[in-house]
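The sequence lines fix the lettering, A, B, ..., with proteins before strands; numbering per chain opens at 1.
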Number of protein chains: 2
Amino acid sequence: MVKITDVARRAGVSPSTVSYALSGKRPISEETRLRVEEAIRELGYRPHAGARALAGRRSNVLALVVPLRTGIHVPTVMGFAVSVVTAARRHDHDVLLLTQEEGEEGLHRVADTALVDGLVMMDVQLDDPRLPLLRALDLPAVLIGLPASTAGLTCVDLDFRAAGEACVEHLARLGHRSVALVGSPPEVYVRGTAYAGRVVQGFTAAADRAGMSSTVLPCEPADARAVAEQLLREQPALTGVVVHNEPVLEPLVDAFADLGLRIPSDLSVTAICPDGVAESSRVPITSVTLPSEELGARAVDLLMKKLSGAAVPESTLLAPRMTERGSTGRRTVP
Amino acid sequence: MVKITDVARRAGVSPSTVSYALSGKRPISEETRLRVEEAIRELGYRPHAGARALAGRRSNVLALVVPLRTGIHVPTVMGFAVSVVTAARRHDHDVLLLTQEEGEEGLHRVADTALVDGLVMMDVQLDDPRLPLLRALDLPAVLIGLPASTAGLTCVDLDFRAAGEACVEHLARLGHRSVALVGSPPEVYVRGTAYAGRVVQGFTAAADRAGMSSTVLPCEPADARAVAEQLLREQPALTGVVVHNEPVLEPLVDAFADLGLRIPSDLSVTAICPDGVAESSRVPITSVTLPSEELGARAVDLLMKKLSGAAVPESTLLAPRMTERGSTGRRTVP
DNA sequence: GACCCTTGTCGAAGCGCTTCGACGAAGGAA
DNA sequence: TTCCTTCGTCGAAGCGCTTCGACAAGGGTC
């Protein structure tokens, strides 16, 4: 193993100079810096992570807590995870994977052993039991998701309430008068998943404001067909549907087609989901983007800011962005 | 932060004794050990990860390289990842997430900085470009997947060839004479994904041995319907289908149903996929398990063995296990 | 009883890095 | 010229842990 003293010897300087040349924490002459860099290249030097963590009190590792609950869409979660890893690398950090099962013990462990410098937690519930611990632990953390109270926390999320509203308003502008929201499986609402509830609120509020008739229906992945039938039966005037449930989107569209409805002429469909999901549907779907990429990057950026001691806002909500893809159209009055 | 000297003082022993009590690397009297343990509990001591890594030359962290290629089934991949994390925790290790994008540079980094003790790599291609590096790096590694040559490596996988054979033989025993394999998207074969090709080999070999007529058809996620139609058109005598493509399984079954075929009376369907996928299909599917749980655990166990200096076999193939779920039946001769 | 193990513990020496204080040299202000 | 800064570098002191060698005490063995 090549160490800092080897580099120092080769460059004809002291180890501390190498360290400063690398970190930039003290001025080093251009000439010396170049010599050091050359020595590093020639020897293939890489600082030992453990030694660095010990002496520098920074591990350059972040923990990422990924959810494994039922009713979540795994590819969407992975999208977040990948964007967090990518963003972390841009800041010269690595990412440690923590599963939900590990729970509080896992958080304690990585914090107390100084294994990680900070923490990104996904899929936060409205009243998440881990929040008190998170506030107590003195480990900088950023949540992806918005709990009931953000006091003392740092959260980023899509503004799901506004996203629900945006979908309804889009349909309202197109003349629709009767809309439905097809949401996540019931369990997701039961356990208080923040974003799910917020979409419902936004959807309902916007529909009420616009004087539209509206329904909300949770939906299991396998029940797309049944839900489609139920909607048409109970809400015969229905012409607009908002889908907030990735795995159900395509089956639902298929079910409507099988029931003889054409999209968008008979029925306008819009969704809240990652662009990839909306694009790759057989019928491309007009949707509000779930910007995993951007959310993950924001979360990491905020975490880095906290690590550098800067103050950050308690909550950052991204405004919804709607992309038309032809699955919505003007209501054709029958 | 509470450190080992604090514990030592409290327990009335020296730091080295605390260390030995913790690691068990030297005999410590029962009585002393208890006193140390109590001090640890009272103070809430946790050894500093960096210090431990530096002094002990072990970071107690593994790297997990997860694939992000197109055409893979993300929930299946996550199943592996979770099982690796869980298994690693049983061995007191944490898991660092490396994405494919990081590529060779990522491997180099975690190895050279001693960030991790070992490495688990998923989704190995037949002729994976990372293999030479992996052999060169002196970082213990285990692959999930079986490349063309396992020389100098350690690999675990389901015996996909045998799995393909098992499916055909199952259908043969039930009297079927004409079978088809619906596989992954073409790109997966093109890039030489090991398991995909092996299933084809096993499937074809077994069908030939049994004197059955057989076809192999790759399939994109969206093309289930088209593939079903194509199969019936080109192979009218078809009565048995093997599906090796998780996202396509359910749509394909639906497509056959729509085309008027009853399962299993008109058509027997079997699959190679995680049990969860086979069970949660609308029609539960007789399948060969893809034992993510077990494979992940095995991979980690093998890695731990390597870390302790023991010799391990170059390749470990798990025998296929078939579970009947009612989607296959005796061929009813027309 | 002399000798040798084994058991249980301690002190000290690192592991490879960062950081602090110190200091010579050079430049500016007076 | 003198004094004060700033710049660029060095040496040494840790960071918190593991491990090595040493050693006292006790128990077998002959």
Side-chain angles (χ1 to χ4, degrees), chain A residues 1-37 39-40 43-61 92 109-117 307-308, chain B residues 1-37 39-40 43-61 92 109-117 307-308:
Chain A
M1 170 177 215
V2 29
K3 33 198 183 182
I4 201 169
T5 49
D6 300 328
V7 175
R9 200 173 318 116
R10 176 127 193 171
V13 298
S14 79
S16 53
T17 301
V18 175
S19 180
Y20 287 125
L22 240 41
S23 69
K25 294 193 180 173
R26 282 205 184 170
I28 294 290
S29 70
E30 173 80 2
E31 187 207 325
T32 307
R33 201 173 37 72
L34 290 176
R35 239 175 332 121
V36 168
E37 281 166 6
I40 288 177
L43 298 176
Y45 167 71
R46 304 259 200 170
H48 185 286
R52 199 135 74 124
L54 180 56
R57 329 168 135 269
R58 278 296 190 85
S59 68
N60 277 37
V61 175
D92 194 32
R109 180 165 41 80
V110 298
D112 294 351
T113 61
L115 224 196
V116 307
D117 297 334
L307 283 176
S308 69
Chain B
M1 169 176 214
V2 28
K3 33 198 183 182
I4 201 170
T5 50
D6 300 328
V7 175
R9 200 174 318 116
R10 175 126 191 171
V13 297
S14 78
S16 53
T17 300
V18 175
S19 180
Y20 287 125
L22 239 41
S23 69
K25 294 193 180 174
R26 282 205 183 170
I28 294 290
S29 71
E30 174 80 2
E31 187 208 327
T32 306
R33 202 174 36 73
L34 290 176
R35 235 172 338 117
V36 168
E37 281 166 6
I40 288 177
L43 298 176
Y45 167 71
R46 304 258 199 170
H48 184 286
R52 203 144 61 133
L54 180 56
R57 331 174 128 266
R58 279 298 190 84
S59 68
N60 277 37
V61 175
D92 194 32
R109 179 164 40 81
V110 297
D112 294 351
T113 61
L115 224 196
V116 307
D117 297 335
L307 283 176
S308 70

What is the distance from CG of B/L22 to P of D/dC17, rounded to the nearest Å?
10 Å
Test: B/R9 and B/D6 ion pair at under 4.0 Å
yes
Give the nucleotide from the list C/dA12, D/dC17, C/dT18 with an atom nearest to the side chain of A/S19.
C/dT18
Nearest 0.5 Å, please: how far is NE2 in B/H48 from CD1 in B/I4?
13.0 Å
Whole-Å distance separating the CG atom of B/L34 from the P atom of C/dT9
11 Å
Report the distance from atom CZ of A/R52 to atom P of C/dC17, rounded to the nearest whole Å.
9 Å
Check every strand shown and say whether B/P47 touches a base, only sugar-phosphate, or nothing at a heavy-atom separation below 4.0 Å.
sugar-phosphate
In whole angstrom, what separates A/L54's CG from D/dG16's P?
7 Å
Has the side chain of A/R35 got a donor or acceptor that lies under 3.5 Å from a partner of the other kind on the base of D/dG8?
no
Which whole-number value in Å describes the distance from B/K3 NZ to D/dT18 C1'?
16 Å
N/O (side chain, B/T32) to phosphate O (OP1/OP2, C/dT9) under 4.0 Å:
yes
Below 3.5 Å, does any donor atom in the side chain of B/Y20 face an acceptor in the base of D/dC17, or the other way round?
no
N/O donor-acceptor pair, side chain A/R57 with base D/dG14, under 3.5 angstrom
no
For A/A39 and A/A11 the tightest heavy-atom approach is CB-CB, 4.0 Å
Value in whole Å for how far the P atom of D/dG16 lies from NE2 of B/H48
7 Å
Of the candidate nucleotides D/dT18, C/dC17, D/dC10, which contains the atom at the shortest distance from the side chain of A/A55?
C/dC17
Please work out if B/S29 contacts a base, only the sugar-phosphate, or nothing of the nucleic acid, heavy-atom cut-off 4.0 Å.
sugar-phosphate
If you find the nucleotide of DNA chain C closest to B/G56 and the one closest to B/I28, which residue's nucleotide is nearer the 5' end?
B/I28
Using a cut-off of strictly less than 4.0 Å, decide whether A/T17 has a side-chain nitrogen or oxygen near OP1 or OP2 of D/dC10.
yes
Check: A/Y45 and A/L22 side chains under 4.5 Å, non-hydrogen atoms
yes
State, without any angle test, whether B/S16 and B/S19 hold a side-chain donor-acceptor pair at a distance under 3.5 Å.
no
Rounded to the nearest Å, what distance is computed from the CG atom of residue B/N60 to the C1' atom of nucleotide D/dC17?
13 Å
Please report, rounded to the nearest Å, how far the C1' atom of D/dC7 is from the CD atom of A/E30.
15 Å
So which one's nearest nucleotide on DNA chain D is more toward 5', B/R46 or B/R26?
B/R46
State whether B/K25 places a side-chain N or O below 4.0 Å from either non-bridging phosphate oxygen (OP1 or OP2) of D/dT18.
no
